[in-house]
Amino acid sequence: MRELFDPVAKGLAGVLIDLGLDDVEPKSIVGGATDRSHGDIAIPFHKFAGVLRRPPAEIAEEVAGKLSPYLDKIAYVSSKSGFVNVTATPKWLSSRLVEFCDHPSFGVKADSLRKVVVDYSSPNIAKEMHVGHLRSTVIGDSLVRILEAKGNKVIRENHIGDWGTPFGMLIERLEDLDSSGIDPDEAMSDLGQFYRDARAQFDGDENFRARARARVVSLQTGDEPTLRRWGQLVDISMSHFQEVYVLLNVLLTEDDVMGESKYDHLLPDVVERLQKKGLLESNDGASVIYPGDWLNRDGDPLPLIIKKRDGGYNYATSDLACIIDRVERLQAEDLVYVVGAEQKQHFEMVFASARKSGLIDSRHTTSHVPFGLVLGPGGGKLKSRSGGVVKLLDLLNEAIDRASASVKDRNPDITQEELGRLSRSIGIGAVKYSDLKSDRTKDYVFDWEKMLSFEGETGPYLQYAHARISSILRNDKFQQSKSGLTSFSLAHESEMRLAREILKYPESVDQAAEDLAPHRICKQLHRLSQAFAAFYENCPVLVEDDNTRNERLALCRIAGGILNHGLNLLGIDAPDRM
RNA sequence: GGGCGUGUAGCAUAGCCUGGAUAAUGCACCGGCCUCCUAAGCCGGGGACCGCGGGUUCGAAUCCUGCCGCGCCCGCCA
């Protein structure tokens, strides 16, 4: 609907000059109407009452009269209590809809040609993925799809934790099990248990602890047998991650993995570069950089530690190395990090350091995309029935099982194969939609009943709207060709409402891309689904009258296409039957 | 102590960046609607001192400011 703003602003420019308001930028006073009964656009004139020494209502009335001829055939213009209201004509809506008929992305323009790296998911080797990884993975994946749809070249990066001191104990644990004849795959079949066992042995056995420490040194100095063991750990973990990613239907593959180990060789380089810039300072034996105005508890400047007192590197160093790699090797312009809100300050400090040291400059942007927590029923931490962390794999399988039960309940004759596919689409879609539908910075309570209830603002509701549309198109005996319609009459109120929600889709995608906020798309798709549901009740599609049928079929095709397109941007399937 | 985030009907949220008219949506609640393209739906209804107080403005959920509740962060973990 933003396309309506241009002609309105243009027409308004002349009118404002007539009124003696030459210096007012027309676009600055044109806004979307907040209430449907006020039309599509509202322009308030109260602020000019003082300058013009006239009551707002009178000004608005005059403007409406003068603006109306400019917008002939485009919009109706009226005025009320100091506002000028502009309402698109069916003719204008129709011409816009005709464009959408043949537009493969329904008005979404691929007009942002940036090179973007999106860093998301980031699980740890030798640890099972748990609910804590859900949001980064789901939100990050949706952002990748959205940014790609906007034309950007997007590079996915899965910054897995595959390096550092824990690997000493993990490798030693693996050694021990192997020498007692246990197959590594079997030893690590329960990743969480494997990690906990290693941890327990590390904490309880002094001899083991010493071996683990020695092993870390071997790893970092490139000892071959150690690296082989390390490789085993990585491989087994990776296949577990991939299993989750496939189930979750996210785009991440093994090709997207860029673990911490990959940046290891750049760490001395980071130190050197900062040193050359004269930014490194010695502090209590460590080498640090002071990126800005951050203070510690005592009110002293807070440094970012680049090299620890013991000579080791810190995660800040690794993050800076990452930036070097992304900017110089990958030539990235925009750096996006989908990482929990608790790391906000850390990333701000890293970004500030990167700018200060010239690793990035005015051509680059950095965005930390924080998100809230997934909470349990009581509002506390989400726990499994046994009280531990919820494994992501278990959670996803439960979603699918629950969806399966509902599908079977409703559709007893369904084939096993279709049941499997459908419950996967619905179960995973429900989890993803409930994660994406509200502002990501907020915590949300994980609630099976709500997300799978199939009522209200849920994934299944949107999928159902799509399935009903598909059903209509299937039942169309004439199987109209895809385009050919040159105008829409939009005679029924429900058709008009549907048309408006259709036309608002592209701007919701732009908003989502701009704010890195997928929920903007969720909200618009839900409004579209509601408008479609009303249309579905009030406007039978497969009727005898050719004109009516063709027009309504075209509306269905566009609405269904948008649902498919939009759900895809969220990483959610759009089944044709439910 | 400092910083950041958050607070909107019984519950869950949108709107806040970019100030407009009667605060939107879902759940729950009340009343209607299946000889008709999937009722996982639709139509109608009740329910809100937008955390509290000041300020700016013709106009504040939205901007500024001071409180209050909750959460997170504040150097050798990631």
Side-chain angles (χ1 to χ4, degrees), chain A residues 28-29 31 33-38 42-44 46-50 56 80-83 85 122 124 159 161 164-166 260 283-288 293-300 302-310 312-316 318-319 339-346 348-349 370 372-373 379 406-407 409-411 426 437-439 441-445 447 449-450 452-458 460-461 463-465 467-476 494 514-515 519-520 522-523 526-527 529-530 533-543 552 556 577-578:
Chain A
S28 70
I29 56 171
T34 48
D35 188 313
R36 245 200 332 230
S37 68
H38 297 135
I43 316 164
H46 313 82
K47 66 175 68 169
F48 308 117
K80 196 182 173 189
S81 51
F83 293 89
N85 296 127
S122 314
N124 291 314
H159 190 84
T165 48
E260 285 165 40
N283 180 317
D284 208 4
S287 301
V288 305
D293 300 327
W294 290 275
L295 302 176
N296 68 13
R297 238 179 260 275
D298 304 324
D300 299 325
L302 184 65
L304 204 54
I305 292 171
I306 299 301
K307 195 168 183 179
K308 297 190 282 188
R309 198 172 0 191
D310 66 5
Y313 300 103
N314 239 6
Y315 52 97
S318 177
D319 284 333
V339 180
E342 67 279 0
Q343 292 195 44
K344 187 171 199 280
Q345 182 180 307
H346 166 70
E348 281 173 354
M349 291 175 76
L373 302 169
S406 315
V407 172
D409 201 36
R410 188 182 157 76
N411 199 344
I426 294 174
K437 74 171 181 178
S438 50
D439 180 355
T441 59
K442 293 186 176 178
D443 298 344
Y444 76 93
V445 174
D447 185 334
E449 298 294 317
K450 272 189 185 150
L452 277 157
S453 80
F454 300 155
E455 277 172 24
E457 200 197 339
T458 63
Y461 176 86
Q463 291 173 321
Y464 180 56
R468 287 168 118 187
I469 293 171
S470 299
S471 173
I472 292 174
L473 299 178
R474 262 200 313 276
N475 290 332
D476 171 30
S494 297
E514 197 180 324
D515 301 344
H519 81 284
R520 304 271 190 177
C522 294
K523 297 294 171 193
H526 182 245
R527 279 191 293 269
S529 299
Q530 287 183 121
F535 164 85
Y536 184 90
E537 299 289 334
N538 300 319
C539 304
V541 176
L542 302 176
V543 293
R552 290 181 177 171
C556 285
R577 297 170 206 269
M578 278 177 78

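Since this is a predicted model, take the numbers as computed values, not measurements. All chains are named by letter (A, B, ...) in the order of the sequence lines, taking the proteins before the strands, and each is independently numbered beginning at 1.
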Taking only the [atom1] atom of each, what is the distance from [N] to [M] in whole angstrom?
| N | M | atom1 | result |
| --- | --- | --- | --- |
| B:U62 | B:A24 | C1' | 15 Å |
| B:G10 | B:U65 | P | 30 Å |
| B:C58 | B:C72 | P | 43 Å |
| B:C70 | B:G54 | C1' | 24 Å |
| B:C16 | B:U8 | C1' | 11 Å |
| B:A39 | B:C30 | P | 23 Å |
| B:A23 | B:C49 | C1' | 14 Å |
| B:C36 | B:A40 | P | 15 Å |

Tell me what [X] touches on the nucleic acid: a base, only sugar-phosphate, or nothing, going by heavy atoms under 4.0 Å.
| X | result |
| --- | --- |
| A:K47 | base |
| A:L542 | base |
| A:S471 | base |
| A:A286 | base |
| A:A42 | base |
| A:P540 | base |
| A:N85 | base |
| A:D443 | sugar-phosphate |
| A:E537 | base |
| A:Q530 | sugar-phosphate |
| A:Y315 | base |
| A:D319 | nothing |
| A:C539 | base |
| A:A465 | nothing |

Worksheet item: With nearest nucleotides of RNA chain B determined for A:M578 and A:D35 from heavy-atom distances, which residue corresponds to the more 5′ nucleotide?
Response: A:D35
Practice prompt. Hey, which sits more toward the 5' end of RNA chain B by its nearest nucleotide, A:G285 or A:S28?
Written response: A:S28
Checking [X] now: which residues fulfil side-chain hydrogen bond (donor to acceptor under 3.5 Å, both in side chains) with it, not counting sequence neighbours?
| X | answer |
| --- | --- |
| A:N538 | A:S494 |
| A:D35 | A:S37 |
| A:Q463 | none |

Item to complete: Answer whether the closest heavy-atom distance between the side chains of A:I426 and A:V407 falls below 4.5 Å.
Response: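 With C-beta onward as the side chain, the pair touches.
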Discussion item. In this structure, which stretches of RNA chain B are paired as stems of three or more consecutive Watson-Crick or G-U pairs, both distances less than 3.5 Å?
Written reply: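 Stem list for RNA chain B: B:1-7 with B:68-74, B:10-13 with B:24-27, B:29-33 with B:41-45, B:51-55 with B:63-67.
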Fill in: Positional range of nucleotides in RNA chain B within the contact set of chain A, heavy-atom, under 4.0 Å
B:G1 to B:A78
Worksheet item: What are the two closest heavy atoms between A:P370 and A:A341, and how far apart are they?
Response: CB-CA, 3.6 Å
Practice prompt. Answer yes when A:E457 and A:K523 have at least one side-chain N-carboxylate O distance shorter than 4.0 Å, and no when they do not.
Written response: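 Yes, charged N to carboxylate O under 4.0 Å.
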Worksheet entry | Spacing of OG belonging to A:S318 relative to OH belonging to A:Y313, to within rounding of 0.5 Å |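 Taking OG in A:S318 and OH in A:Y313, the distance rounds to 11.5 Å.
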Discussion item. A:R577: which residues meet the side-chain contact (heavy atoms from CB on, under 4.5 Å) condition with it, sequence neighbours left out?
Written reply: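 A:R577 satisfies side-chain contact (heavy atoms from CB on, under 4.5 Å) with A:E418, A:R474 only.
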Worksheet entry | Aromatic ring proximity A:H38/A:F83, centre distance under 6.0 Å | no
Worksheet entry | Over 12 non-hydrogen atoms of neighbours within 6.0 angstrom of CG in A:D310 |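 Enclosed.
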Worksheet entry | Sole candidate of A:N314, A:I306, A:I305 that passes side-chain contact (heavy atoms from CB on, under 4.5 Å) when paired with A:V288 | A:I305
